Amino acid sequence: MLRLACLILLLPSACSSDETISAFVDPATVFRLHEIDGAAFDAKATVQFPKPGQITGQAPCNSFHGVQSLPYPWFGADPIAATKRGCPDLPAEARFFAALGDMTLAEVSGDTLILSNDAGRQMLFRAAP
């Protein structure tokens with residue numbers, strides 16, 4: 001009888017559990033991009049996973065949001081919607097969005113987030129202080 005009660009209590013949470021990267025990071029954590037493919041990224045870009053299946057952030061010029069619905073450790077941010085402001089860092093922003101669109105895997109370890117793909121591309125993020 002106790003097992004049945006436990007199962008009934010666990011069933012609703014099991015049916016609605018988040019399997020995306022959002023379940024593996026604190027929703028308040030803002031990850032700042034430090035490197036793309038091993039090269040330092042000097043412009044400011046961030047990502048955050050505030051709710052199940054959501055990705056938001058700030059690219060060098062524009063804020064963005066999108067859907068991230070693949071189960072962890074897979075990653076795909078599609079579609080991404082961004083504001084359309086111009087700034088001197090637009091080339092860096094283009095590199096950021098191109099790399100983000102190429103990423104297919106995620107790894108979270110402490111305050112570090114690594115996005116990567118099978119072709120060897122990689123984005124290294126660290127939790128902002």
Side-chain angles (χ1 to χ4, degrees):
M1 188 66 139
L2 180 60
R3 286 186 192 183
L4 180 59
C6 289
L7 182 60
I8 290 171
L9 290 174
L10 291 176
L11 189 58
S13 64
C15 292
S16 64
S17 69
D18 177 18
E19 293 183 10
T20 68
I21 194 170
S22 303
F24 296 88
V25 298
D26 180 339
T29 301
V30 175
F31 291 96
R32 182 166 183 188
L33 179 61
H34 285 266
E35 297 177 4
I36 295 179
D37 300 329
F41 190 79
D42 295 326
K44 184 180 178 187
T46 64
V47 296
Q48 187 174 6
F49 303 92
K51 294 182 181 176
Q54 285 188 350
I55 181 173
T56 63
Q58 180 65 47
C61 300
N62 293 283
S63 59
F64 68 92
H65 66 277
V67 175
Q68 200 289 303
S69 59
L70 297 174
Y72 183 80
W74 291 279
F75 178 82
D78 204 27
I80 291 285
T83 56
K84 305 248 184 225
R85 290 183 290 250
C87 80
D89 285 332
L90 278 175
E93 180 162 296
R95 285 194 322 274
F96 169 73
F97 281 130
L100 190 64
D102 284 347
M103 300 299 114
T104 58
L105 293 168
E107 179 182 344
V108 178
S109 180
D111 68 347
T112 302
L113 167 68
I114 298 171
L115 301 179
S116 62
N117 67 19
D118 291 338
R121 298 208 66 201
Q122 188 176 76
M123 299 175 84
L124 172 69
F125 295 84
R126 292 216 170 87

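Because the structure is predicted, anything quoted here is derived from the model rather than measured.
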With clusters defined by side-chain heavy atoms of hydrophobic residues (ILVMFWY) lying less than 4.5 Å apart, directly or transitively, does [Y] cluster with [X]?
X     : Y      : value
Val25 : Met103 : yes
Leu70 : Val67  : no
Leu90 : Phe96  : no

- Message: Show every ring-ring contact (aromatic ring centres under 6.0 Å, His included) that has at least one partner inside residues 109-129, sequence neighbours left out.
- Response: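 Non-adjacent pairs meeting ring-ring contact (aromatic ring centres under 6.0 Å, His included): zero.
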- For residues 25-49, which residue pairs qualify under ring-ring contact (aromatic ring centres under 6.0 Å, His included), counting only residues two or more places apart or in two chains?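 Residue pairs with at least one partner in residues 25-49: there are none.
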At what distance, to the nearest 0.5 angstrom, does [atom1] of [X] lie from [atom2] of [Y]?
X      : Y      : atom1 : atom2 : answer
Leu100 : Arg95  : CG    : CZ    : 14.0 Å
Gln48  : Arg32  : CD    : CZ    : 14.5 Å
Ile21  : Ser69  : CD1   : OG    : 12.5 Å
Leu115 : Arg121 : CG    : CZ    : 11.5 Å
Lys51  : Thr20  : NZ    : OG1   : 13.0 Å
Gln122 : Asp102 : CD    : CG    : 13.5 Å

For a quick test of your reading: what N or O donor-acceptor pairs under 3.5 Å do the side chains of residues 71-80 make, sequence neighbours left out?
from, atom 1, to, atom 2, distance (Å)
Tyr72, OH, Val108, N, 2.9

- Near Glu19 CD, under 6.0 Å, is it more than 12 heavy atoms from other residues, nucleotides or ligands?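 No, CD of Glu19 has 12 or fewer neighbouring heavy atoms, counting only those of other groups under 6.0 Å.
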- Query: Taking it one step at a time, do Thr46 and Lys44 satisfy side chain to side chain contact (heavy atoms under 4.5 Å, CB included)?
  - Reply: CA-CA 7 Å; Thr46 64; Lys44 184 180 178 187; 4.2 Å; yes
- Given Val47 and Val30, is the side chain to side chain contact (heavy atoms under 4.5 Å, CB included) satisfied, shown in steps? CA-CA 6 Å; Val47 296; Val30 175; over 6 Å; no
- Determine which pairs satisfy disulfide bond (SG atoms under 2.5 Å apart) with at least one residue from residues 92-129, sequence neighbours left out, and list them in order.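 The answer is none; no pair qualifies.
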Report all side-chain donor-acceptor pairs from residues 54-65 shorter than 3.5 Å, counting only partners two or more places apart or in another chain.
from, atom 1, to, atom 2, distance (Å)
Gln58, NE2, Asn62, O, 3.3
Asn62, OD1, Thr83, OG1, 2.8
Asn62, OD1, Lys84, N, 3.3
Asn62, OD1, Arg85, N, 2.5
Asn62, ND2, Arg85, O, 2.9
Asn62, ND2, Glu93, OE2, 2.8

- Query: With Asp111, which residues qualify under side-chain hydrogen bond (donor to acceptor under 3.5 Å, both in side chains), at least two apart?
  - Reply: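 side-chain hydrogen bond (donor to acceptor under 3.5 Å, both in side chains) list for Asp111, sorted by chain: empty.
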